[in-house]
Number of protein chains: 2
Amino acid sequence: MSTVSALGYALLCLLDRGPSTGYDLARRLRRPIGYYWTARHTQIYPELARLAAAGLVTYQAGSGPGPRQKKTYTNTAAGRDALAEWLVTPAAPRAPKDELLLKTYAVAAADSSRMARLYLAAAAEHAQRLAEYRSQLTDLTDAGATGPGHPGFGNYATLRYGIAIEQQREAWCRWMASTLADHPS
Amino acid sequence: MSTVSALGYALLCLLDRGPSTGYDLARRLRRPIGYYWTARHTQIYPELARLAAAGLVTYQAGSGPGPRQKKTYTNTAAGRDALAEWLVTPAAPRAPKDELLLKTYAVAAADSSRMARLYLAAAAEHAQRLAEYRSQLTDLTDAGATGPGHPGFGNYATLRYGIAIEQQREAWCRWMASTLADHPS
DNA sequence: CTAATCATGTAAGGCGTTACATGATTTT
DNA sequence: AAAATCATGTAACGCCTTACATGATTAG
């Protein structure tokens, strides 16, 4: 009963919205899923092969641009069932990895003013992300994707989360920068 | 010039606050660093060996409880320098992995009421975390760790971040749950 | 004519987890 | 007497990135 990896389910999520080649899945994975899940094509191709072997996807092969065949993948009924079941299964907690927080823990061992610049740069990045997310949210709001039932609701909901988090992180980074600036070491 | 991994720097951060055995580092890594960085002892022991080989830490060996020697590690001057330099170096962006957001993206393919329960359970977990963080923040505030210069400031600053994020995430989970409940599929 | 895009794969190596292995001391 | 804690390691395996490899079509 070959278990499917999270990446496998991510691909099933994408294929649920429409058939794609592996190449296309890599492109579609960049936005908006790339904000909370990423994978390179080198991971995607073998994973698609595993999903096909498990009977969760099928493909139609045609002639491709390169020396190999181009394969267009679709979810099978088993794939849709597996996806629906996975969606309502609580996720195992993942190990968090946040290098900026790790650095913050040891802030006493660093030069304050150089460290403050780090937080300002991070704040600027978050501000830029925030602008990106907000513009995408506007588009989705205009399209009426603010409720479940609308096909864009998944995107809308994740964007709302992203906006809330980026706001907090930007504010926290600015607070760190100003706190360090007020207190040179 | 053997490059040091993020885990290596995490260990240097801990050793900067006091010498430890590998076992003790694993324990100290659980809280509060465990909130934003984790590692098992199976990763820590080889990493300490690499740090020692690179001259960033030294150890004093004594007789241990088991068949092997117990080693107490300390940062060297080179280790402290490497740490100070790493702290002010911008981190390379990490690939985010958030299974709940991935599921949210595909929410249209799931049963609404079962999915709503998932968000409620997640919200409850965040509420519990929030209570934990708040109680620790109170202790640190009482200890006067609210400004840089105080040795507990690193903990204080990361807790403030954690509280802000957990609040947002809890609120977002509750919003998702109620939005799905209002709109059964 | 050059670069980008479309399209699919393999191989080597780092990071991280789980399971395996040993054995003294302290607590229940 | 049993369980937890202290203490250190190795081995196998999965996940993920970087580099390697091929070649047609389209846009500048």
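Values below: every heavy atom of this structure, side chains too, minus hydrogens, waters and symmetry copies. Here is the naming used below: chain letters follow the sequence lines, and residue numbers restart at 1 for every chain.
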Between D:dG9, C:dT8, D:dT17, which one does the side chain of B:A95 approach most closely? D:dT17

What is the distance, rounded to the nearest whole Å, between atom CG of A:L48 and atom P of C:dT8? 9 Å

Checking only heavy atoms, does the side chain of B:T42 share a donor-acceptor pair with the base of D:dT10 at less than 3.5 Å? no

Do any side-chain nitrogens or oxygens of A:K97 fall under 4.0 Å of OP1 or OP2 in C:dG16? yes

On the nucleotide C:dT18, are OP1 or OP2 found under 4.0 Å from the side-chain N or O atoms that B:R40 carries? yes

If you check the A:P65 side chain, which of C:dA7, D:dG9, D:dT17 turns out closest? C:dA7

Does B:Y23 make a side-chain N or O approach to OP1 or OP2 of D:dC6 shorter than 4.0 Å? yes

Judged by each residue's nearest nucleotide on DNA chain D, which is more toward the 5′ side, B:K70 or A:L7? B:K70

Using a heavy-atom cut-off of under 4.0 Å over every strand shown, decide if B:S5 touches base, sugar-phosphate, or nothing. sugar-phosphate

Is the number of heavy atoms from other residues, nucleotides or ligands under 6.0 Å of A:Y59 OH greater than 12? no

With a 4.0 Å cutoff (strictly under), does any side-chain N or O of B:Q43 reach OP1 or OP2 of C:dT17? yes

Donor + acceptor pair across side chains of B:Y161, A:R169 (<3.5 Å): yes

C:dT8, OP1 or OP2 - any side-chain N/O from A:Y45 closer than 4.0 Å? yes

Among the nucleotides D:dC16, C:dG16, D:dT22, which one has an atom lying closest to any side-chain atom of B:R94? C:dG16

A:Y35 and A:R31 side chains, donor-acceptor separation under 3.5 Å: no

Aromatic A:Y105 / basic B:R17 pairing, under 6.0 angstrom, 45° off normal: yes

